[in-house]
Amino acid sequence: MSRQRLEHYLEQMTLDEKIAQLLQLAAPFYDEVGDEGQITGPMESLGITVETVHNVGSVLGVSGAEKVISVQQSHMKNNKHGIPLLFMADIVHGYKTIFPIPLAMGCSWDIKLAERSAEIAAREAAVSGIHVTFAPMADLVRDPRWGRVMESTGEDPYLNSLFARAMVRGFQGSDLKNDKERVASCVKHFAAYGLAEGGRDYNTVDLSERQLREYYLPAYKAALDEGAELIMTSFNTIDGIPASGNRRLMRDLLRGEWGFEGVTISDWAAIKEMIPHGVAEDEREAALKAIIAGVDIDMMTSSYVHYLAQLVADGIVDEALIDEAVMRVLQLKEKLGLFEEPLRGADVVAEREIIYCEEHRKVAKELALKSCVLLKNNDVLPLNKNQKVAVIGPFALSGDILGNWSWNGSTELTKNLAESMKVISPSNIIIAEGCSIDKITEPQIHEAIKVALKADILVLALGESSEMSGEASSRSNIKLPEAQLQLVQFMKQLDKPMVVVLFNGRPLDLHGVYEEANAVLEAWFPGSEGGVAVAELLYGAANPSGRLSMSFPYAVGQIPVYYNHFNTGRPKPSEDTTEKYVTHYLDIPNAPLLPFGYGLSYTSFTYKDLVLSSNEINETDSLQIKVKITNEGKLSGVETVQLYIRDVSGEVVRPMKELKAFRKVELAPGQSREITFEITEEHLRYYHSDFSFTSDSGRFELFVGPNSRDTMNAAFRLKK
Ligand code: BGC
């Protein structure tokens, strides 16, 4: 359909009809329109008319082909222009086949598999009638107290950008119009939502332009460069102005500097929330600020539908601003082929065949296998099928391992850990609950001790319930709940080898667990096939290969603690220094417990012969970096070889290390491989004091290793 055709629609519409295109309603609306056409239930409080509902542009959270078809069909009857509804939803880590949470996926460092997971999520969502997913979440996070850390791929701008791009490719494919098994992608939450002060959700964000551009913006930009069709505002302020009314962010930077032409949408009620933020007296002022800033769709408030028309009539808002926003919404509908096929991919038969099919679950399992991170292993893993294993803890028999944003997932269908271990070792698994997530009783303790005493080895299945991370689920104490720490203490007294498997949504403070256990496997919320995957990892049917995409703090008092920090003018020479006037804490180390990039395997790898092709490059050369990796153990395994760089004399201070490249290599026992990386001047660029993105001549340090801490070093010079 040509642009003229879309403009024709625009010309036919009244101002009110146009503004209704900019409203997004949530699913309950479609259950709350009474027989007489009146709106009932909680949705009545929005105070909108049925006439508005008939002209609404998009809906959020309605899914299932049958329901979508019926809502769309009745909408098409009621909308006099024949403009179809857009169906949007949060398909963040799967629709019904649930993949590991994004933070876990980040730990896979497997970009291709992430893309495939998004493709599958899109496929299941599309046959269920969804057109747009509110994903990927590209927020960089350095604070594990923030509950939404589970939705992020971690603390590194480079890795986050790779994942953001992969997710967009997977969701959208290359032809949204003809490929009806893809959905449009809405990257969120623009911008810097992950920096909420104190890790408290919805809290103030305040950062320098340098921090914003260097760390927080790259992953959103990467998603847009990959073609994401939409972007969602964040709830927070940026430089004192809420994102949804932030003209510099939404219009000058996003549209002007980056040239983004897709749809912008507020987060849930974020336009109206400019009132409590303290930048709008009322909804009228909030609507005015949002439309001027360039927010196209108002998610779930009636600020636009109630006030924009009057603002136009009063000559305060130029109708051209509204036309521009409506045009973008119509263009998105057109790109998705909705004018020709309002039902698009919604298909009751395909839904039955595709959703949660074996092929999809296989990929979910593969990603779960690659996302788990072995944090410690004092020779107790892998388990042996002949060992009597006591599986104890609240996650032994729990299907609550899908994580947040699994609203279509089924915990009943999900195989739990103990059940999955029994498949591998049918007669040697004994089970006790031990405690619930946050309570422990005498009978539970007795039962756990009784069961544990019969076993050769204990597997404690511990963690956070899925409700303990995600939106509005920040925690100040990020240790395991006290009841579980007590269970660890009781079990420790039995003097049996003890493995801890963790199911959780954030890097935890592992005091009370890490020292006590002989092995720790971080499983995160591993999704639909997570129980099966973890069981296979425990028994060595698969070898752990995940690497942390976010540091695990030594203690909450260190937060934010991240690998790409500055050195300061008084660096601490070593963790056991007695020097006073250096940057340090009196009571805890500076370093996190476990650094970015860290993860163990059942085999061991050595790094040798780090060789650079030259000790100097110029603007046109490239530098080859070679290193030899050997699998010294008895099992095949995958190593993630990481390359970091430091500019030691930037015009602006540069981080101690910055991830520039990595390579996953699979090696058989005894096998060696030479890995080659290539670095050019482009890798050395950053934002200077005038915000030019350039490099400095001079000395650079280069690090290669299995994580951001344990590296081999070399150096070279850039000559310009
Ligand atoms: C969340 C978004 C989500 C939206 C729609 C909001 O509360 O912040 O991430 O996309 O709801 O469900």
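Atoms within each ligand, like the ligands themselves, are counted from 1 in listed order.
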Ignoring angles and geometry beyond distance, decide whether E151 reaches within less than 3.5 Å of ligand 1 through its nitrogen or oxygen atoms.
no
Any donor-acceptor N/O pair, R506 side chain to P144 backbone, under 3.5 Å
yes
Check each heavy atom of M137 against ligand 1 and say whether those closer than 4.0 Å belong to the side chain, the backbone, both or neither.
neither
Any heavy atom of H189 closer to ligand 1 than 4.0 angstrom?
yes
Do S234 side-chain atoms and A191 backbone N/O form a donor-acceptor pair below 3.5 Å?
yes
Contact region, R148 to ligand 1, non-hydrogen atoms below 4.0 Å, reads side chain
F235 heavy atoms, cut-off 4.0 Å: which ligand 1 atoms fall inside?
7 (O), 8 (O)
List the closest protein heavy-atom neighbour of atom 7 (O) of ligand 1: residue, atom name, distance to the nearest 0.1 Å.
E471 OE1, 2.8 Å
Where do F235 and W268 land on the ring-ring contact (aromatic ring centres under 6.0 Å, His included) test, with the steps shown first?
CA-CA 8 Å; F235 287 124; W268 184 292; 9.4 Å; no
Do S466 and D400 pair up side chain to side chain, a donor and an acceptor below 3.5 Å, judged on atom types alone?
yes
Counting heavy atoms only, name the option from L60, D90, I265, D267 that's nearest to atom 10 (O) of ligand 1.
D90
Which atoms of ligand 1 are found less than 4.0 Å from any heavy atom of K188?
2 (C), 3 (C), 9 (O), 10 (O)
Ligand-side contact atoms (ligand 1) for residue partner F134, heavy atom cut-off under 4.0 Å
10 (O)
For a side-chain contact (heavy atoms from CB on, under 4.5 Å) with R148, tell me which candidate from D201, D139, L103 qualifies.
D201
If only atom types and distance count, is the side chain of T52 paired as donor or acceptor with the main-chain N or O of A20 below 3.5 Å?
no
Polar atom proximity, W405 to ligand 1 (N or O, under 3.5 Å):
no
Look at the side chain of T153 and the backbone N and O of M105, then say whether any donor-acceptor pair between them is shorter than 3.5 Å.
no
